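Below you'll find the structure, written out as C-alpha cells, and then a few comments.
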Protein chains: 10
Amino acid sequence: MEYLVHIEVAWPADGNPDDLTRLTALERNRAGELAAAGTIRRMWRIPGQRANWGLWEAPDATALHAAIASLPLFPWLSVEVHPLAAHPSDPDRAGGR
Amino acid sequence: MEYLVHIEVAWPADGNPDDLTRLTALERNRAGELAAAGTIRRMWRIPGQRANWGLWEAPDATALHAAIASLPLFPWLSVEVHPLAAHPSDPDRAGGR
Amino acid sequence: MEYLVHIEVAWPADGNPDDLTRLTALERNRAGELAAAGTIRRMWRIPGQRANWGLWEAPDATALHAAIASLPLFPWLSVEVHPLAAHPSDPDRAGGR
Amino acid sequence: MEYLVHIEVAWPADGNPDDLTRLTALERNRAGELAAAGTIRRMWRIPGQRANWGLWEAPDATALHAAIASLPLFPWLSVEVHPLAAHPSDPDRAGGR
Amino acid sequence: MEYLVHIEVAWPADGNPDDLTRLTALERNRAGELAAAGTIRRMWRIPGQRANWGLWEAPDATALHAAIASLPLFPWLSVEVHPLAAHPSDPDRAGGR
Amino acid sequence: MEYLVHIEVAWPADGNPDDLTRLTALERNRAGELAAAGTIRRMWRIPGQRANWGLWEAPDATALHAAIASLPLFPWLSVEVHPLAAHPSDPDRAGGR
Amino acid sequence: MEYLVHIEVAWPADGNPDDLTRLTALERNRAGELAAAGTIRRMWRIPGQRANWGLWEAPDATALHAAIASLPLFPWLSVEVHPLAAHPSDPDRAGGR
Amino acid sequence: MEYLVHIEVAWPADGNPDDLTRLTALERNRAGELAAAGTIRRMWRIPGQRANWGLWEAPDATALHAAIASLPLFPWLSVEVHPLAAHPSDPDRAGGR
Amino acid sequence: MEYLVHIEVAWPADGNPDDLTRLTALERNRAGELAAAGTIRRMWRIPGQRANWGLWEAPDATALHAAIASLPLFPWLSVEVHPLAAHPSDPDRAGGR
Amino acid sequence: MEYLVHIEVAWPADGNPDDLTRLTALERNRAGELAAAGTIRRMWRIPGQRANWGLWEAPDATALHAAIASLPLFPWLSVEVHPLAAHPSDPDRAGGR
C-alpha cells in the first residue's frame, strides 16, 4: 500500500552544526536503504523548507511506522501520513499494484 | 517541473446524477489524455473522499494551470498546488529529470 | 489493517425528511452488512452532532474507500480517515485479531 | 462511558535518552495496569508520530482525568478527549454497555 | 456529569421568519422542560451571535445527545460538546455532585 | 457580568517540581479567595489537560483582568475570555443577576 | 465598557440588489442612532471586504447584544465580539471611562 | 503605498456561464483601467484556482477599497489585503517610492 | 491612515523579572511618546492576556513599522496589523480625517 | 518562473544581538547578490513583524530552494512558497516573461 508522507525536520537553529552534518549523512544512508528496499519510492524537497513530501510503500501502517522511526533524525521529525487508495486515472494503474 | 496537486470535487449532494455520470466520463477521458501527454504522472484517491492527490509535471505554473483548468469538472474543483524541488534521497533522481 | 474514521453527515436542514428517513434506514442496513463482514468493528455517535467515529478494518485504503462509498448517504458524507498502527500497550494485541 | 483519547508525547528531541527509556518502561507498565482494570480498552500508534489514539472507559470525566494523569509521562503529554455516545450501528451494541 | 456545550443556530438569512418564530417558541418550551429536569443548568447567549454556551448535566454522552437532539431546532444546530471534570477550586464542589 | 474563561497552564515538563508544588498551593489559595469574593463562580478541569474552564463574574473586563492577573501562576497561563450575555432559557435567570 | 466588534456581511452574491440597497439605507440609519446614543463610537471598513471593525460601548454584553441585534442586516451578519480592558498606555485614559 | 491583495472568485459552479463570460469581460476591462491608472501594478493567477495575487498601489486603504469595489465581480470576491512596508533589500528601492 | 494593531508580548515565564520590570517601564515611556506624537491613538488590554489592541495612525506602513519597532519590547512582540478604511457610519467621520 | 515567497525570521528574543547584527549584514549582502542576479525582484517588509513578502524568479523550484537556502539566516527562517502563473490582467504581461 502506498502512503503520501509529509516530513518536517525541526532541527533547532542553534543546534550543533556538526551533529546535523553527521545525522544528515546517516539519514541519507538510511533513506538509501529504504529506497533500495522499495519502501521510499519518491522523495521531493519542499522549496524553502527543511521538509519533504515522500511516496512510501509498506504492507501496512505498522510497517510504515517502523520504517519512518528507523530514520536517524526521527526524534526531530514532525510527520503526517496520508493513506492512498487506487484511482482509475492513475497512469501506473495498468501495471498492477 | 513536478507538482503535488490536491483536488477535491465539490459536486452538490443534490446535483443531477446524470450530469455527474456524464462529466465523470469526460473527466476520465481528459485525465487519460493528460496522462498520455506526461502531465499527470500519478494519481491516488483519498480514501472516503471525492478527492485525490496527483503528481503532475508541467514546464511552469502557467502550463500547469491550463492543464488543470482543462478538466471538465474544473468549475466544481477546489485545488491546492504544492511545488516540488529535487531531493538528494529521491530514488528516481539518478534517472534524470 | 484498522482505520479510525470520522464521518459527518451534511444533510441540509431544509432537506426532505422522508428522504432522510428512507436513506437512514438504508444506511443502517448497509452498516449492518459491513459490521457482519467485519469491516465496521465499532461505531460511536459524537454527542450533539450528526457525526460518528468508527473503527473500520480493511485490507488496504482502496478496499476501505469502496466500503465507505457503498454507504447510501455517501454523497452527503464528509469523511476523514486516520490509519492506525499497532501499539505495544494495546490490550487486544496479545489476543490477535 | 467510553472516550476516544488522542495523546501526543512532546519529549524534547535533545532530552536525555536514558530518562525516556526509563519513563517509557514505567509508562508501559502503568498502561498495562489500566488495561487490566478495563480503563484502556484499545490503543493504536499514529504512524510516523510519537502519538496514539486510545479507547478508554471510565465512569465519568473526573475518573478519566485521574487515569490519564497517572501516566508517568503525563507532564510531557498533550491530550484531547472526545466523549462517545452509543450509535445504533455499533456492532458491540447488542452486547450491552 | 456536567458538559459545557456550544450551540450555534445556522438558520438561513432568507429562511421563512414565521417558521423561525414558531420553532423558537417550541425551542424555548423544550429548553424549559430540560431546565426543569435539571439537564440544562445554565445558558448564556454569545453576544452578537445566534449562539449560546450552556452548562448541561446528563448521566453520560448518550443521554446528553438525546437531550440535545430533542431540541426542535436540532437540524439547524452546529454543536460542540466539552466534557468537564471536577476541579479542586470549584466553589460548588463542597456541595457534592 | 459573567465571563466564560479558558485557562491553560504551560508549565514546562522539565520545570522544577518543587516550584510547581509551591505555586499550585498558592494558586489554590488565591482561587479560594476569588471564589469567596464571588469572582470565581464555577471551575472545571478539562480532562487530560492542565487546563480549566471557569465561570467568572466581574463588573467589567478591567476588573476581570486584575483578578486573573492576581493568580500566582499567571506568567505561565494562556487565557481566553468569552463575554456572556443573558439568555432567555437560562434557568438562573428568574433569580435575577 | 468598550468592545471591539468585527462584523462581516454575508449578503449572497445573487441576492436581490434592491433589497440590499433598502436594507443598507436602514442599516446606515440605525447605525446613526447607535452612534448618537454613544453605543457605536468608531467604525472602520476592512478594505476589500463587506466587513467592518467597530468600537462599541455598552454597559454589559447583554446590552451590546441587543444593540447589534437591532441592526436591520443582523440576520446576514457574522459577528465576533472582543471585550476590552483598560490599558495604562491608552491616551484616552486620563479623561476617565 | 503598496498592498499585496489576494482575491478569490466564488462564482457558483452552477452559475449562468453567459453571465460569467460577460462579467469576466467587464472585469478584464476594469482591471485594464486600474492598471493604466497605476493602481494594479502586477497580477498573477494562483495555479489551479479562480484566484489571484495582485500588487496594488493606492494612497490609503480607503482608496484601495474603492478600487477593489469597482470591480464588476466584486459581489463574488473574497479579498484579503496585506499592507506592505519598504524593505532595505527591495531592488526597486533606489528608484524611490 | 489608521491601523488596528494586535500586539502580544511573548515574555518567557522564566524570564528575569527585573528585566521585565525595567523593559516595561521603558515601554510605557515610549508608548507615551508615541501617544503624544499622535501615533498611538487608543490602546486596550485584552483581558487575561499580556496582549493589547491598539488604534495607531501613521502616514503609511513603513512609518507604522518604524513606530512599532521602536518599542523596547519589540524583540518579544508578536504583531498583526489590520489596515483600516473609512466607513460611512463612523461617528468621527464628520470631523474629517 | 515567478514565486511569491513569505519569509519569517524566528530569531530568539534572547539571542545574541551581535550575532544578529552580523548575520543581518551578511543577509543584506546576499540579498543584494540575489537581486543583482534577478532572483529577488521585489521585497517588502510586513509591518510590525520580522517578516517579508518577496517576489522571486527562478527557473524551477529546485533553483529557488538553492537561492533561499543560500541566505545566511536560513536556519532561522520559516518560509512559504506560492507558485505564480500568468494572469491576463497583469500589466507587465505585454512586456513578455
Side-chain angles (χ1 to χ4, degrees), chain C residues 1-9 23-57 61 67-68 70-73 77 80-97, chain D residues 1-9 21 23-57 61 67-68 70-73 77 80-95 97:
Chain C
M1 191 180 141
E2 289 178 306
Y3 296 87
L4 182 63
V5 180
H6 180 279
I7 296 183
E8 194 176 343
V9 187
L23 280 164
T24 301
L26 290 171
E27 188 87 355
R28 290 279 152 76
N29 195 54
R30 180 63 188 138
E33 291 171 2
L34 290 168
T39 305
I40 295 180
R41 298 171 58 89
R42 291 299 309 276
M43 185 159 287
W44 303 270
R45 173 165 281 145
I46 299 176
Q49 306 186 6
R50 284 193 190 278
N52 64 72
W53 283 103
L55 178 63
W56 296 60
E57 180 141 14
I68 296 173
S70 76
L71 293 170
L73 279 168
L77 302 186
E80 291 285 336
V81 168
H82 302 266
L84 299 172
H87 192 289
S89 294
D90 182 13
D92 266 20
R93 209 193 187 200
R97 185 162 316 172
Chain D
M1 188 180 145
E2 289 178 307
Y3 295 87
L4 182 64
V5 180
H6 181 279
I7 296 183
E8 194 176 343
V9 187
T21 302
L23 280 164
T24 302
L26 292 171
E27 186 89 355
R28 291 279 153 75
N29 195 53
R30 180 63 187 138
E33 291 172 1
L34 290 168
T39 306
I40 295 179
R41 296 171 59 90
R42 291 300 309 275
M43 185 159 289
W44 305 269
R45 172 165 281 145
I46 299 176
Q49 306 186 6
R50 284 194 191 280
N52 65 71
W53 283 104
L55 178 63
W56 296 61
E57 179 138 15
I68 296 173
S70 75
L71 292 170
L73 279 168
L77 302 187
E80 291 287 336
V81 168
H82 302 266
L84 299 172
H87 192 289
S89 294
D90 183 14
D92 265 19
R93 213 199 182 194
R97 186 159 322 157

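All of these numbers come straight from a predicted model, not from anything done at the bench.
With rounding to the nearest 0.5 angstrom, the CG atom of C:Asn52 is 10.5 Å from the CG atom of D:Leu84. If you take CZ on C:Arg45 and OG on D:Ser89, they are separated by 8.5 Å, rounding to the nearest 0.5 Å.
Using cut-offs of 30° and 60° on the angle between ring planes, the pair D:Trp53 and C:Trp53 is tilted.
Of all heavy-atom pairs spanning D:Pro83 and C:Pro47, the tightest one is O-CD, 3.3 Å. The nearest pair of heavy atoms linking D:Met43 to C:Pro91 is N-CD, 4.2 Å.
Between chain C and the options D:Ala36, D:Gly54, D:Ala31, D:Ala86, heavy-atom pairs under 4.5 Å are most frequent for D:Ala86.
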Derivation and outcome, side chain to side chain contact (heavy atoms under 4.5 Å, CB included), residues C:Arg42 and D:Arg42: CA-CA 11 Å; C:Arg42 291 299 309 276; D:Arg42 291 300 309 275; over 6 Å; no
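The contact between C:Leu4 and chain D is made entirely by side chain atoms (from C-beta outward), counting heavy-atom distances below 4.5 Å.
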